[in-house]
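FYI, the numbering just counts along the sequence from 1.
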Amino acid sequence: QVGYEQTIEPDLASQIFLLSQFLEEFPAIEEISFINLAGKETSSLNRLNPKGVLEYELQDQSKIEKFTQAKKGIFYISPVYHTLKGPMLTLSSPVVNKNGIIISVLTGEFNLTNLNNIVAKSHLGENGYVYVIDQDGFLIAHSQKGKSTLDSLKIIKFINSILEEQNENISNRYKSFWGESVISEGRYLSDLGFSIIAEWQTQDADKVVTTVRNQIILASLLVLAGTFLLSFFFTKSIVNPIKALEKGTQLIADGKFDRPI
């Protein structure tokens with residue numbers, strides 16, 4: 001949002017200044033542009049041309065979805081596409097003035113390679129790992145560097161079910177793409193079109209499950225023993241006085257009034 005009421009896009013100097021700030025502040029941006037409401041790029045910067053491309057290089061984007069969606073006021077996120085620089089996606093957003101009127105469109109191409117730095121911090125036990133795949137099952141990031149592939153992981157039935165059915169959250173046991181028996185949890189992120197998969201080798205996971213199960217069994221036995229002892233002493237504390245009362249009653253019935261109860 002810009003802080004003025006005019007209904008035309010910012011002037012060229014302001015556009016270049018804003019785009020250069022974005023390019024400097026967000027290393028993941030490979031290219032960023034302003035598009036006017038007619039669909040024509042009015043300014044564009046990229047890593048090779050951080051001061052702006054030449055005017056004749058500016059393109060007509062009027063038929064491209066990133067423009068048509070943003071012009072309607074919709075924040076647009078493209079499917080992931082793969083380049084020599086790594087996995088990329090396109091983001092676009094309407095630019096509105098102080099009164100909320102759309103005056104331009106801002107669009108950028110984002111490199112997702114840095115996702116590896118985030119995903120690399122995710123681990124499960126000794127051998128578990130997490131990875132992110134795109135809408136076609138291709139790997140975007142993996143927490144273990146040794147596990148990479150250029151093939152689609154959709155050949156795994158579990159992965160395919162997440163992508164095709166766009167399940168929010170499912171789990172399963174199967175043999176992973178890398179040939180390991182794993183317990184898996186998967187989640188489809190509808191806003192981004194990504195899926196996050198966590199796989200944990202069953203041997204490692206079952207150790208934890210067995211440990212937890214044994215702890216539960218031990219705790220259950222301790223609770224049971226404690227309950228038994230408590231019941232025993234509680235019963236004794238009630239039964240003994242009742243037996244004494246019964247004995248005293250019998251003495252009275254026998255006329256033995258000189259005997260203590």
Side-chain angles (χ1 to χ4, degrees), residues 1-119 132-141 163 166 188-196:
Q1 182 177 6
V2 295
Y4 50 74
E5 298 182 359
Q6 68 184 54
T7 55
I8 58 173
E9 68 269 10
D11 62 79
L12 183 58
S14 297
Q15 291 183 33
I16 297 296
F17 173 76
L18 290 170
L19 295 182
S20 63
Q21 292 296 303
F22 278 118
L23 208 61
E24 183 179 341
E25 200 166 330
F26 300 101
I29 298 177
E30 293 289 342
E31 182 178 344
I32 187 165
S33 308
F34 272 110
I35 306 173
N36 64 24
L37 296 184
K40 175 71 173 179
E41 286 182 333
T42 53
S43 58
S44 182
L45 277 64
N46 57 51
R47 293 295 166 189
L48 293 177
N49 300 282
K51 294 184 179 181
V53 303
L54 298 175
E55 186 175 355
Y56 74 86
E57 296 179 284
L58 298 173
Q59 300 179 11
D60 183 357
Q61 305 283 356
S62 59
K63 305 297 183 183
I64 309 300
E65 190 174 13
K66 66 180 180 181
F67 168 73
T68 57
Q69 291 296 307
K71 185 180 177 181
K72 296 175 184 176
I74 301 170
F75 184 78
Y76 172 77
I77 303 176
S78 77
V80 175
Y81 61 94
H82 294 264
T83 70
L84 293 176
K85 294 180 179 179
M88 307 271 292
L89 59 72
T90 302
L91 301 179
S92 64
S93 171
V95 179
V96 299
N97 68 7
K98 192 175 182 179
N99 297 324
I101 298 172
I102 298 174
I103 60 173
S104 183
V105 166
L106 179 67
T107 179
E109 308 299 318
F110 287 75
N111 192 318
L112 301 177
T113 302
N114 284 336
L115 268 180
N116 272 311
N117 298 330
I118 299 173
V119 175
V132 181
I133 55 176
D134 67 13
Q135 67 281 349
D136 296 313
F138 291 104
L139 203 60
I140 297 175
L163 296 173
Q166 297 185 352
Y188 176 76
L189 304 178
S190 57
D191 290 340
L192 295 173
F194 299 169
S195 294
I196 298 180

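When all heavy atoms are compared, the tightest approach of Leu19 to Ser43 is CD1-OG, 3.4 Å. Here the shortest heavy-atom pairing between Val105 and Lys66 reads CG1-O, 4.4 Å. Closest approach of Ala141 to Val119, counting heavy atoms only: CB-CG2, 3.9 Å. Between Phe67 and Ala38, the shortest heavy-atom contact is CZ-C, 4.2 Å. Of all the heavy atoms in Asp134 and Leu163, the pair that sits closest is O-CD2, 3.5 Å. Nearest heavy atom pair, residue Lys51 against residue Leu45, reads C-CG, 4.2 Å.
From Lys71, atom NZ reaches atom CD1 of Ile102 across 9.5 Å, with rounding to the nearest 0.5 Å. For the atom pair OG of Ser62 and CG of Leu37, the computed distance is 12.0 Å after rounding to the nearest 0.5 Å. Rounded to the nearest 0.5 Å, atoms CD (Gln61) and OG1 (Thr107) are 7.0 Å apart. Note that CD1 of Ile29 and CG of Asn46 are 12.0 Å apart. Values are rounded to the nearest 0.5 Å. For the atom pair Phe34 CZ and Ile103 CD1, the distance stands at 8.0 Å (nearest 0.5 Å). To the nearest 0.5 Å, atom CZ of residue Phe110 and atom CG of residue Leu91 are 4.5 Å apart.
Counting heavy atoms of neighbouring residues, nucleotides and ligands inside a 6.0 Å radius, atom CZ of Phe22 does not exceed 12 of them. Within a 6.0 Å radius of CZ in Phe17, no more than 12 heavy atoms belonging to other residues, nucleotides or ligands are found.
A donor-acceptor contact shorter than 3.5 Å is absent between the side chain of Lys63 and the backbone of Gly39. Checking side-chain atoms of Asn111 against main-chain N and O of Thr113 turns up a donor-acceptor pair under 3.5 Å.
Salt bridge Arg47/Glu109: absent, no basic N to carboxylate O contact under 4.0 Å.
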Criterion side-chain contact (heavy atoms from CB on, under 4.5 Å) on Val80 and Gln135, from CA distance to verdict: CA-CA 7 Å; Val80 175; Gln135 67 281 349; 3.8 Å; yes
Check against side-chain contact (heavy atoms from CB on, under 4.5 Å), Leu106 and Ile32: CA-CA 7 Å; Leu106 179 67; Ile32 187 165; 3.9 Å; yes
From CA spacing to verdict: side-chain contact (heavy atoms from CB on, under 4.5 Å), Leu112, Phe194: CA-CA 11 Å; Leu112 301 177; Phe194 299 169; 3.7 Å; yes
Test log, rule side-chain contact (heavy atoms from CB on, under 4.5 Å), inputs Phe138 and Ile133: CA-CA 5 Å; Phe138 291 104; Ile133 55 176; over 6 Å; no
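Between Thr42 and Leu12, every side-chain heavy-atom pair lies at or beyond the 4.5 Å cut-off. Counting heavy atoms from C-beta outward, Ile64 and Gln59 have side chains that stay 4.5 Å or more apart. A 4.5 Å side-chain heavy-atom check between Leu89 and Ser78 finds at least one atom pair inside the cut-off.
A side-chain donor-acceptor contact under 3.5 Å links Ser33 and Ser44.
With sequence neighbours excluded, the residues forming a side chain to side chain contact (heavy atoms under 4.5 Å, CB included) with Ile196 are Val130, Val132, Leu189, listed by chain and number. Judged as a side-chain hydrogen bond (donor to acceptor under 3.5 Å, both in side chains), and not counting sequence neighbours, the contacts of Lys85 are Glu30. Every residue meeting the side chain to side chain contact (heavy atoms under 4.5 Å, CB included) condition with Thr68, not counting sequence neighbours, appears here in chain and number order: Glu65.
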